[in-house]
Structures are given as structure tokens and as C-alpha cells.
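Start at 1 and go down the list; that is how both ligands and their atoms are numbered. Note that the coordinates shown come from a computational prediction; the quantities given were computed from them, not determined experimentally.
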Amino acid sequence: MTTYRGYIGTYTKGESKGVYSFTLDSNNYKVSDISPVAELKDPTYVAISDNDEMIYAVMKEDGAGGISAYHINKQTGELSFVNKAITADGGPCHVTINTDQTKALSANYHSGMITAFTLNSNGSIKEISSTAQHVGSGPNDERQEKAHAHFSGFTPEENYAVAVDLGTDEVILYTLEQGQLHSHYTYHAPPGSGPRHIAFHPHEPYAYIMTELSNQVIVCHYNADLGELRELQLISTLPEGFVEHSQGSAIHLSKDGKFVYAGNRGNDSIACFSVNEHSGELELLEIVSTEGSWPRDFQIDPSGSILLASNQESSTLTVFSRNKETGRLTLQEAHIDVPYPVCVTFLTEPI
Ligand SMILES: O=C1O[C@H](COP(=O)(O)O)[C@@H](O)[C@H](O)[C@H]1O
């Protein structure tokens, strides 16, 4: 039996207390031991350091917000609070750590601001080193009246910080030297598409942007030398003929780069695509229901054989087995109760 430990970020409305830990038996597709391990307000997104030592959670606090750092006890799953940094603009919606655990980035949907943090060698947050305020708007008056930064991360070689803005239809690449964010390049997505998240191919020069408003994946060529994106393909994540309301959510690739998975909130499904190894372009394989409401995010487990989805509005997790050869998903268990789950993430090593 191979057991992995994972963490769930939640909205602390209803019964939710904050961050939850769980275990996953990857041979039997079984999620167990779900328990609250950090009490804080709305830790919707969490990021684990590559050495599995630290977890960073976005959070809100007295009308403000920022990120909190915790040390992970890998055996028990317990978290010990280390410290926190309060940003100038309230609670962010996304956080990422770089691979050598020296920097963190957060994105704030409500203010449209990206914040860069420096980290100490023991994983504690040293300081806020820089901020970048997005400006602009898009043609969708309700959702794009101003900038709405939704994602912050790093390009694969980590030469650039990358931010995705739903409000301005932009993906912005920043240099981040001596802790300072400087805008380097902006990719303009189709007006009104509302880009939300981005995922890079693990070893080929391709990037996949999930749009929330047009429910599409934008396939781009990523030129790491220049730090630029070039659009190659737009492909819908919804079933043909689906006309009801739906909003794109998260996007992830399999570790081998052969498959892309994208979430649909409203259609409440995961769209599975195969990646053309020569062009990076996508072909739809299938769209599978999560049997839950509003799959805000999902994650492939470290074994690659399970995809776990977090359905925010039904307060459930869904377990799919994943065929590593075909990329296809098979429902194993739905209706695993967790209050308002937003994201799920795993420690890389089994316990
Ligand atoms: O995907 C979404 O994200 C935004 C930002 O999250 P928040 O926790 O900072 O509010 C959210 O407002 C929006 O409802 C949701 O669809």
C-alpha cells in the first residue's frame, strides 16, 4: 500500500475551520483521516515547498490578509505555525513557492495586485519585497470592470514570475531580481476570455492558459530565452452544445506532459485532453462529471494514478483513477465530505 499525505484549502464558512490534512491510499483510491490542522480564515489556496517541509496558505484577517507559513510534520500531518506576512491589499486568492524555497508570490483577485515575498532558509517569511499593481479592464462589464489577478507562479526555468489577470485579459511575465518585480512581457488573451490559471509543459516549450469566462484552454508556445508567449490554439473545455452557465477553473498537466486536465464550474466536470508531442496542441479525449458542485480545483497525486477534485459548493471531494497510458479518468468515489474545499495538494513523498 502506498499512502500519500495531502492538504486541502477551504473557505471558512459553514463548518470549515481552515486547512485540512488527509491521507490517500493510492492503490485502493481511498481518502482517509481528514482533519483540520490549521485554524485560519479562508485559506483557500495553499502551496507546499518542494522539500515537503513547509506549507504556505493565503488567508484573511481583520479586513486584511496575506500568507501564513507552517512547518509540516510529515508523519502526523500536523502543522506548526511559523509566521505570517500581511499584504497591503487584503486576502490573496493564490500563492506559489519557487523550487529552492527562497521566494513566494501571491495574487489578489480583488485588488489586482501581485506580491513578492522573500523566504528565510528555515522556511519562515522574511519580508514582502515588492508589489505590482495590475491596471486595466475588459469587455465583460460584470467581471472585468478592473484588474483581477487570479494566479501567480514561476516559469519552468524560473527566470520569470508569471501572473494571470482575469480582469484585463492578460498574462504578464515579470523579472524578479533582488526581490523586485519588473514587468517584462504581456500576452494579450482574446478580449473577454478572462484568463485564470496557467500551467507549463514539464519538458517542452508549451504553456496552457485556462480561461474562466470563455471556458477555453489557450495553448501557447513559450520562448524561455525571450520570456514570451505565442498563441497556437484555442479549444473549448465544455461539451459541444452546452449552453448553460459555466466558469473555467483550474488546469494541470500529467507529470509526463502527455495529458492536460481542465475544470468546469457549472458544467461541474473535468475536461481531459491529449497533448500532441510535436505541436503542443490539444485534442479532447473526454469530459467527466465530478458528481459534485463547482470543482474549483483538482490535483493528480504523486503516483500519477489518481485525480482528486475539490467541489467547493457541494463540500465534497471526488476521487478518479487515472489511466496513465490513455489519460482517461474513471470515477471511484464521490461525496467525500469536506466543508467548502477549494484546492488540494500533496506532499511529494509517500508516508
Ligand atoms: O474563482 C474565483 O476566485 C475569486 C477569487 O477568490 P477570493 O477567495 O479571493 O474571492 C472569487 O472571488 C470568485 O468568486 C471565484 O469564482
Side-chain angles (χ1 to χ4, degrees), residues 8-14 16 18-19 40-47 56-68 86-96 105-115 131 133-134 138 140-153 163-169 171 189 192-199 209-217 237-238 244-252 262-270 290 292-299 309-315 339-345:
I8 307 162
T10 72
Y11 276 114
T12 49
K13 41 190 182 182
S16 174
V19 179
L40 69 174
K41 189 169 159 47
D42 291 340
T44 52
Y45 267 82
V46 296
Y56 301 84
V58 305
M59 49 92 179
K60 298 194 179 92
E61 188 178 87
D62 305 329
I67 63 169
S68 283
I86 300 298
T87 55
D89 59 345
C93 65
H94 194 260
V95 58
T96 309
L105 290 167
S106 73
N108 189 310
Y109 177 87
H110 302 279
S111 68
M113 192 186 274
I114 301 298
T115 302
T131 59
Q133 176 64 57
H134 291 182
N140 182 322
D141 292 341
E142 268 176 42
R143 296 293 312 277
Q144 297 185 305
E145 80 293 0
K146 63 185 186 99
H148 287 300
H150 219 312
F151 173 99
S152 53
V164 184
D165 197 301
L166 182 148
T168 62
D169 292 318
V171 177
S193 59
R196 184 176 195 275
H197 279 191
I198 187 168
I209 301 163
M210 179 74 201
T211 69
E212 175 163 337
L213 305 180
S214 64
N215 301 279
Q216 288 170 314
V217 180
T237 62
L238 291 173
E244 288 157 47
H245 180 77
S246 202
Q247 293 171 218
S249 62
I251 185 157
H252 299 285
N264 294 311
R265 296 173 291 176
N267 186 246
D268 294 337
S269 59
I270 309 288
T290 64
S293 170
W294 216 245
R296 175 87 175 255
D297 209 331
F298 57 89
Q299 202 64 245
S310 42
N311 302 293
Q312 183 186 309
E313 294 308 311
S314 53
S315 288
Y340 297 101
V342 172
C343 80
V344 286
T345 182

Checklist entry - Should the ring pair Tyr109 and His150 be called parallel, tilted or perpendicular, given that the plane angle runs from 0 to 90° and is split at 30 and 60? => result perpendicular

Of all heavy-atom pairs linking Ala309 and Phe298, the shortest is CA-CB, 3.7 Å

Quiz prompt | Any non-hydrogen protein atom less than 4.0 Å away from atom 7 (P) of ligand 1 | solution = yes

Under 4.0 Å from atom 13 (C) of ligand 1, is there any protein heavy atom? no

Given the options Glu212, Gln312, Glu313, Arg265 meets side-chain hydrogen bond (donor to acceptor under 3.5 Å, both in side chains) only with Glu212

With heavy-atom distances below 4.5 Å as the criterion, would you say the side chains of [X] and [Y] are in contact?
X: Arg143; Y: His148; answer: no
X: Ile198; Y: Val171; answer: yes
X: Arg196; Y: Phe151; answer: no

Test your reading of the structure: does Trp294 have an N or O sitting under 3.5 Å from an N or O of ligand 1? no

closest protein heavy atom to atom 4 (C) of ligand 1 is His150 NE2, 3.7 Å

closest protein heavy atom to atom 10 (O) of ligand 1 is His110 NE2, 2.7 Å

Atoms of ligand 1, numbered as shown, that sit under 4.0 Å from any heavy atom of [X]:
X: Gln247; result: 16 (O)
X: Arg196; result: 1 (O), 2 (C)
X: Tyr11; result: 6 (O), 7 (P), 8 (O), 10 (O)
X: Arg265; result: 1 (O), 2 (C), 15 (C), 16 (O)
X: Cys93; result: 5 (C), 6 (O), 9 (O)

**Asked** Do Asn267 and Ser269 have a side chain donor and acceptor closer than 3.5 Å?
**Response** yes

- Task: Examine His197 together with His94 and report whether their ring centres are nearer than 6.0 Å.
- Result: yes

Counting heavy atoms under 4.0 Å, the part of His148 that contacts ligand 1 is neither

